[in-house]
Amino acid sequence: MTNRKICVFTGSRAEYGLLYWIIKGIQDNPGMELQLIVGGMHLSPEFGLTYKQIEADGFPILKKVETLLSSDTPVGVSKSIGLGVISLSEVFAEIKPDILLLLGDRFETFAAAVSAMVARIPIGHFHGGETTEGVIDESIRHSITKMSHIHFTSTEIYRKRVIQLGEQPEYVVNVGALGIESINKLELLSKGQFEKELGIQLDKRNILVTFHPATLEDATSEKQFKDLIKALDELEDTKIIFTKSNADIEGRIINDFIDKYVSVNIDKAAAFTSLGQLKYLSALKYVDVVVGNSSSGLLEVPSFKKPTINIGDRQKGRVRGITVIDCEPDFHSIKNALNIAFNTEFLSSIKDSINPYGTGNASYIVLEELKSVELNRLLKKKFNDL
């Protein structure tokens with residue numbers, strides 16, 4: 001019996017971090033052949049050439065595929081999708097995977113799904129059924145769900161939503177959030193190691209900031225980020241660690257503001273294009289509050305029982321635990337949320353909180369499913385009427 005050729009596509013640093021244990025499990029499984037395709041931001045100097053981290057982790061990259069134009073305008077993003085479809089279709093025709101694994105809702109992932117669907121390659125999709133009403137990712141995610149054949153969701157609510165979209169219940173499996181597994185399995189850096197690796201010194205209070213554009217809102221990135229900076233600037237004895245925005249529409253606007261702020265506040269702020277999985281999770285261990293609008297604030301941070309200030313509508317609709325403080329993207333709302341996050345009564349109320357996204361055994365469940373699923377039955381999908 002030949003090994004199953006399982007192809008994994010990754011186009012961003014965050015997505016790779018979530019897929020790490022899935023990739024490792026496939027690589028270590030004697031009945032599976034890993035076909036790893038890397039594209040998008042991984043190959044961009046602007047976003048840190050993060051494919052090098054993948055290679056350093058010991059994963060052989062089968063194909064590096066250019067799918068990203070150096071533009072964050074709507075036209076540039078649309079052209080990147082087109083480039084991705086053209087390039088990935090050629091790769092899939094060459095390597096002929098038995099199944100393609102995709103995570104999430106980014107535009108380069110959408111391009112991979114389109115290419116695989118047309119090539120009649122079964123698709124396994126992670127983190128479907130979620131809602132993020134403030135970004136185009138919402139539509140992309142549900143579109144990928146309809147192009148996919150087996151689904152691995154992060155909560156039971158999301159499992160039911162994928163079934164509501166017409167997918168067969170037997171092919172929709174709740175495995176929990178993938179990122180939690182790394183929290184359990186990695187040996188995080190000591191405080192001293194963390195400070196040395198980042199070249200910073202932590203303060204009395206420490207904040208991690210990751211802020212992305214809300215892509216369904218017009219020209220708001222500049223104003224929203226200015227209000228966030230204004231609120232952070234009022235804090236005393238506080239180190240601010242920025243991780244930069246992705247290649248979303250208006251993402252470069254945010255990154256330019258981060259660079260300018262850090263350049264005149266080097267004593268209290270530091271910025272990183274990509275921390276990588278180990279340093280990012282170690283940051284979650286040592287900071288007091290996570291601020292911004294990244295999905296990580298809702299999915300992974302609650303496992304550390306620390307506050308997340310979730311700004312604006314980017315994550316609107318997602319399941320959230322009691323550690324999450326929602327606020328509007330304006331100065332007064334953000335300032336009020338910061339006051340709550342440092343309030344001893346609030347901190348006491350979340351010390352025994354439970355992460356609604358599971359306990360971190362996703363890769364085991366996924367690998368068992370990939371071993372047993374009958375791939376030849378997946379392509380001809382039946383719509384599941386409720």
Side-chain angles (χ1 to χ4, degrees), residues 5-28 32-68 77 80-81 83-85 87-92 95 97 99-116 121 123-128 137 140-141 144 147-148 152 154 175 177-179 181-182 186 212 243-248 273-278 280-281 294-296 299-300 362-363 366-367 370:
K5 294 189 292 184
I6 300 180
C7 181
V8 181
F9 172 78
T10 173
S12 74
R13 68 200 183 199
E15 170 197 69
Y16 166 67
L18 299 177
L19 287 167
Y20 176 90
W21 295 104
I22 303 293
I23 296 170
K24 183 168 177 52
I26 296 168
Q27 184 185 50
D28 294 345
M32 298 178 182
E33 177 186 338
L34 173 64
Q35 296 180 320
L36 184 58
I37 301 176
V38 170
M41 290 185 288
H42 285 305
L43 306 181
S44 169
E46 181 179 1
F47 296 100
L49 294 172
T50 47
Y51 78 87
K52 294 180 179 180
Q53 181 61 56
I54 298 174
E55 292 177 334
D57 287 340
F59 298 131
I61 297 173
L62 181 61
K63 295 286 183 179
K64 297 187 181 86
V65 185
E66 295 288 354
T67 62
L68 183 66
V77 170
S80 290
I81 292 173
L83 176 61
V85 172
S87 303
L88 288 164
S89 63
E90 293 174 342
V91 169
F92 293 147
I95 69 173
I99 187 170
L100 170 67
L101 300 185
L102 300 173
L103 185 146
D105 45 38
R106 287 195 52 78
F107 57 81
E108 60 267 31
T109 307
F110 176 75
V114 171
S115 302
I121 299 167
I123 300 171
H125 184 220
F126 298 97
H127 282 268
D137 305 17
I140 292 175
R141 185 185 309 108
I144 295 173
M147 289 186 279
S148 298
F152 303 103
S154 60
V175 299
L178 300 188
E181 194 160 2
S182 290
L186 288 180
H212 301 292
T243 58
K244 290 188 176 181
S245 178
N246 287 331
D248 294 318
T273 301
S274 174
L275 285 176
Q277 189 178 37
L278 178 61
Y280 179 77
L281 293 176
S294 169
S295 59
S296 176
L299 274 68
E300 286 93 48
S363 69
V366 171
L367 290 167
L370 292 175

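Residues satisfying the ring-ring contact (aromatic ring centres under 6.0 Å, His included) test with Y280, not counting sequence neighbours, are none. Residues passing the salt bridge (charged side-chain N to carboxylate O under 4.0 Å, His left out) test with E108 are R106, sequence neighbours excluded. Annotation: side chain to side chain donor-acceptor pair (under 3.5 Å) contacts of K5 (sequence neighbours excluded): none. With sequence neighbours excluded, the residues satisfying side chain to side chain donor-acceptor pair (under 3.5 Å) with S182 are W21, Q277. Residues passing the salt bridge (charged side-chain N to carboxylate O under 4.0 Å, His left out) test with E66, sequence neighbours excluded: none. Here L62 pairs with Q35, I95 under the side-chain contact (heavy atoms from CB on, under 4.5 Å) rule; sequence neighbours left out. Applying the salt bridge (charged side-chain N to carboxylate O under 4.0 Å, His left out) criterion to E33, with sequence neighbours excluded, gives no partner residue. Residues satisfying the side chain to side chain donor-acceptor pair (under 3.5 Å) test with H127, not counting sequence neighbours, are E130. Partners of F152 according to the ring-ring contact (aromatic ring centres under 6.0 Å, His included) rule, which considers only residues two or more places apart in sequence or in another chain, are F126. With sequence neighbours excluded, no residue forms a ring-ring contact (aromatic ring centres under 6.0 Å, His included) with Y51. A search for side-chain contact (heavy atoms from CB on, under 4.5 Å) contacts involving V114 returns V85, F110, M147, not counting sequence neighbours. Considering only residues two or more places apart in sequence or on other chains, S148 meets the side chain to side chain donor-acceptor pair (under 3.5 Å) condition with none of them.
Panel note: side chain Q27, backbone G58; a donor-acceptor pair is recorded below 3.5 Å. Not a single donor-acceptor pair under 3.5 Å links the side chain of R13 to the backbone N or O of M41. Put simply, the side chain of T10 never gets that close to the backbone of V38: no donor and acceptor are under 3.5 Å apart.
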Requested in this report: Would you check, one step at a time, whether the test salt bridge (Lys or Arg N to Asp or Glu O under 4.0 Å) holds for K64 with E55?
Outcome: CA-CA 12 Å; K64 297 187 181 86; E55 292 177 334; 3.3 Å; yes

Query raised in the report: Checking side-chain contact (heavy atoms from CB on, under 4.5 Å) for the pair L18/E300: CA distance, chi angles, key distance, verdict?
Result: CA-CA 10 Å; L18 299 177; E300 286 93 48; 3.6 Å; yes

Requested in this report: Verify side-chain contact (heavy atoms from CB on, under 4.5 Å) between H125 and R141, making sure each step is shown before the conclusion.
Outcome: CA-CA 9 Å; H125 184 220; R141 185 185 309 108; 4.2 Å; yes

Requested in this report: For side-chain contact (heavy atoms from CB on, under 4.5 Å), just list the numbers for L370 and L101, CA-CA rounded to whole Å, side-chain angles, deciding distance to a tenth of an Å, and then say yes or no.
Outcome: CA-CA 10 Å; L370 292 175; L101 300 185; 3.9 Å; yes

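Here I61 contributes atom CD1 and L34 contributes atom CG; the two are 10.5 Å apart, rounded to the nearest 0.5 Å. The CG atom of L103 sits 9.0 Å away from the CD1 atom of I22 when rounded to the nearest 0.5 Å. Here the CG-CG distance, from D57 to L278, works out to 9.5 Å after rounding to the nearest 0.5 Å. Annotation: the span from T50 atom OG1 to L43 atom CG amounts to 8.0 Å, rounded to 0.5 Å. A distance of 12.0 Å separates CD1 of I26 from NZ of K24, quoted to the nearest 0.5 Å. Atoms OG1 and NE2, from T67 and H42 in turn, are 9.5 Å apart once rounded to the nearest 0.5 Å.
When all heavy atoms are compared, the tightest approach of I140 to D105 is CG2-O, 3.2 Å. A111 approaches L88 most closely through the heavy-atom pair C-CD1, 4.3 Å. Of all non-hydrogen atoms in L100 and F92, the two that sit nearest each other are CD2-CZ, 3.7 Å. Contact between I123 and A113 at its shortest, heavy atoms only, is CD1-O, 3.6 Å. Across all non-hydrogen atoms, the minimal contact from A112 to L102 is CB-CD2, 3.8 Å. Across all non-hydrogen atoms, the minimal contact from I144 to G104 is CD1-O, 3.6 Å.
Under 3.5 Å, the side chains of T109 and E15 contain a donor-acceptor pair of N or O atoms.
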